Amino acid sequence: MEEEHMPRRELESIHGIPLYWCFVEKWGQVEAFQARPDDLLISTYPKSGTTWISEIVDMIYNDGDVEKCKRDAIFNRVPFMEMSAPNFINGTEQLDKMPSPRLVKTHVPVQLLPVSFWEKDCKMIYVARNAKDVAVSYYYFYQMAKLHPDPGPWNEFLEKFMAGNVAYGSWYDHVKGWWEKAKDYRILFLYYEDMKEDPKREVQKVIQFLGKDLKEEVVNKILHHTSFQEMKKNPSVNYETMPSWALDHSISPFMRKGISGDWKNHFTVAQNERFNRHYEEQMKGSALRFRMEI
Ligand SMILES: Nc1ncnc2c1ncn2[C@@H]1O[C@H](COP(=O)(O)OS(=O)(=O)O)[C@@H](OP(=O)(O)O)[C@H]1O
């Protein structure tokens with residue numbers, strides 16, 4: 001049998017946001033998606049801790065039962081709403097068939113979220129990560145995930161990232177857009193850096209937001225199971241069950257470093273200065289504050 005493969009293709013655009021051609025092709029399904037009142041939406045800009053918070057939430061939903069959380073891969077337990085690609089299960093169709101309560105993953109900027117999520121007043125968790133670490137993580141992900149166009153050399157990719165010419169568009173607009181919405185809707189806004197600094201405190205916030213009450217020993221179990229070291233070796237979350245023609249872990253593992261501040265190993269002094277100037281302009285007037293390391 002001929003091996004499946006995924007030829008790299010340039011991004012297309014949906015409502016002005018650059019995105020994979022195969023997601024754009026089925027965008028009508030995303031717009032028409034019917035959220036349910038007890039859905040929990042997990043929203044992030046790519047590479048901001050989506051898989052981490054997804055596993056934490058599934059562990060909370062299952063009262064810290066590790067075996068239950070190993071029942072299936074993370075992308076089946078927390079389906080990726082806008083996912084649509086040849087030879088892959090379609091996100092909206094997968095969700096339509098799923099019993100409630102559902103956990104839903106998305107990376108859409110706030111203006112592209114299907115309206116039914118607002119109408120049903122669903123709870124949402126948004127995780128934000130500092131732009132420099134996201135850019136680095138995204139650069140490696142572009143290389144290993146064949147859905148992306150070729151990222152080119154780091155310097156060129158960084159320029160594209162700053163200009164918002166990457167999948168899901170501008171990081172700056174994404175975080176600012178969700179931050180503004182969090183003022184009016186049931187959105188728990190978390191930072192990756194806070195989760196790294198004090199995972200217990202942040203997991204407690206999630207438990208409270210979900211209206212759960214878990215014993216300390218269960219919380220400790222969740223913390224252990226969702227540590228980077230544990231998740232890296234857990235096939236139900238490390239994406240190694242995905243075919244290598246789609247995700248090539250030999251180029252870069254999905255669970256790559258899991259730290260804050262890795263950008264320092266990639267940005268030159270000149271790149272950092274240029275990035276900082278651009279960052280100030282983009283984030284001017286926003287109350288959002290990120291820590292670039294912890
Ligand atoms: N448990 C845990 N602790 C700390 N960090 C973690 C954890 N799990 C995943 N990661 C890191 O998150 C990065 C992947 O982000 P996402 O899961 O958002 O990726 S995706 O957008 O859904 O493809 C990617 O970051 P980098 O290592 O910087 O590339 C992962 O390593």
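Atoms within each ligand, like the ligands themselves, are counted from 1 in listed order. If you read the sequence from its start, that first residue is 1, and numbering goes on from there. Note that this is a predicted model, so its numbers are computed, not measured.
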Chemist: Between N62 and D65, do the side chains contain an N or O donor and an N or O acceptor separated by less than 3.5 Å?
Modeler: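 Checked: N62/D65 side chains show no N/O donor-acceptor pair below 3.5 Å.
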Chemist: We want to know whether Q29 and T92 form a side-chain donor-acceptor pair, criterion being a heavy-atom distance below 3.5 angstrom.
Modeler: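 There is such a pair between these side chains.
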Chemist: Which residue and atom name correspond to the protein heavy atom nearest atom 22 (O) of ligand 1, and how close is it?
Modeler: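 The answer is K105 NZ, 3.1 Å.
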Chemist: Using a plain distance cutoff, I'd like to know if Y45 has any nitrogen or oxygen under 3.5 Å from a nitrogen or oxygen of ligand 1.
Modeler: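 No; the residue has no nitrogen or oxygen that sits under 3.5 Å from a nitrogen or oxygen of the ligand.
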Chemist: Among all protein heavy atoms in this structure, tell me which lies nearest to atom 4 (C) of ligand 1, with the distance rounded to 0.1 Å.
Modeler: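 The closest heavy atom on the protein side is Y192 OH, 3.3 Å.
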Chemist: Will you find, in the side chains of N130 and E293, an N or O donor that is under 3.5 Å from an N or O acceptor?
Modeler: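 Per modelled atom types, N130 and E293 side chains form no pair under 3.5 Å.
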Chemist: Going by heavy-atom distance to atom 26 (P) of ligand 1, choose the closest among S54, G49, S137, P46.
Modeler: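 It is S137 whose heavy atom sits nearest to atom 26 (P) of ligand 1.
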Chemist: Check whether NZ of the Lys or CZ of the Arg K181 lies under 6.0 Å from the centre of the six-membered ring of W118 and within 45 degrees of that ring's axis.
Modeler: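 Because its charged atom sits under 6.0 Å from the ring centre and within 45° of the axis, K181 does stack over W118.
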Chemist: How far is atom 25 (O) of ligand 1 from its nearest protein heavy atom, and which residue and atom name does that atom have?
Modeler: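 Going atom by atom, the protein heavy atom closest to atom 25 (O) of ligand 1 ends up being R129 NH1, 3.2 Å.
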Chemist: Taking E202 as the fixed residue, which of Q204, K200, K205 is the one that meets the side-chain hydrogen bond (donor to acceptor under 3.5 Å, both in side chains) rule?
Modeler: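 Of the listed residues Q204, K200, K205, the side-chain hydrogen bond (donor to acceptor under 3.5 Å, both in side chains) partner of E202 is K205.
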Chemist: Which residue owns the protein heavy atom closest to atom 23 (O) of ligand 1, what's the atom, and how far is it?
Modeler: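 Residue, atom and distance for the closest contact: K47 NZ, 2.9 Å.
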Chemist: To the nearest 0.1 Å, how far is atom 9 (C) of ligand 1 from its closest protein heavy atom, and which atom is that?
Modeler: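 Heavy-atom neighbour on the protein nearest atom 9 (C) of ligand 1: M255 SD, 3.4 Å.
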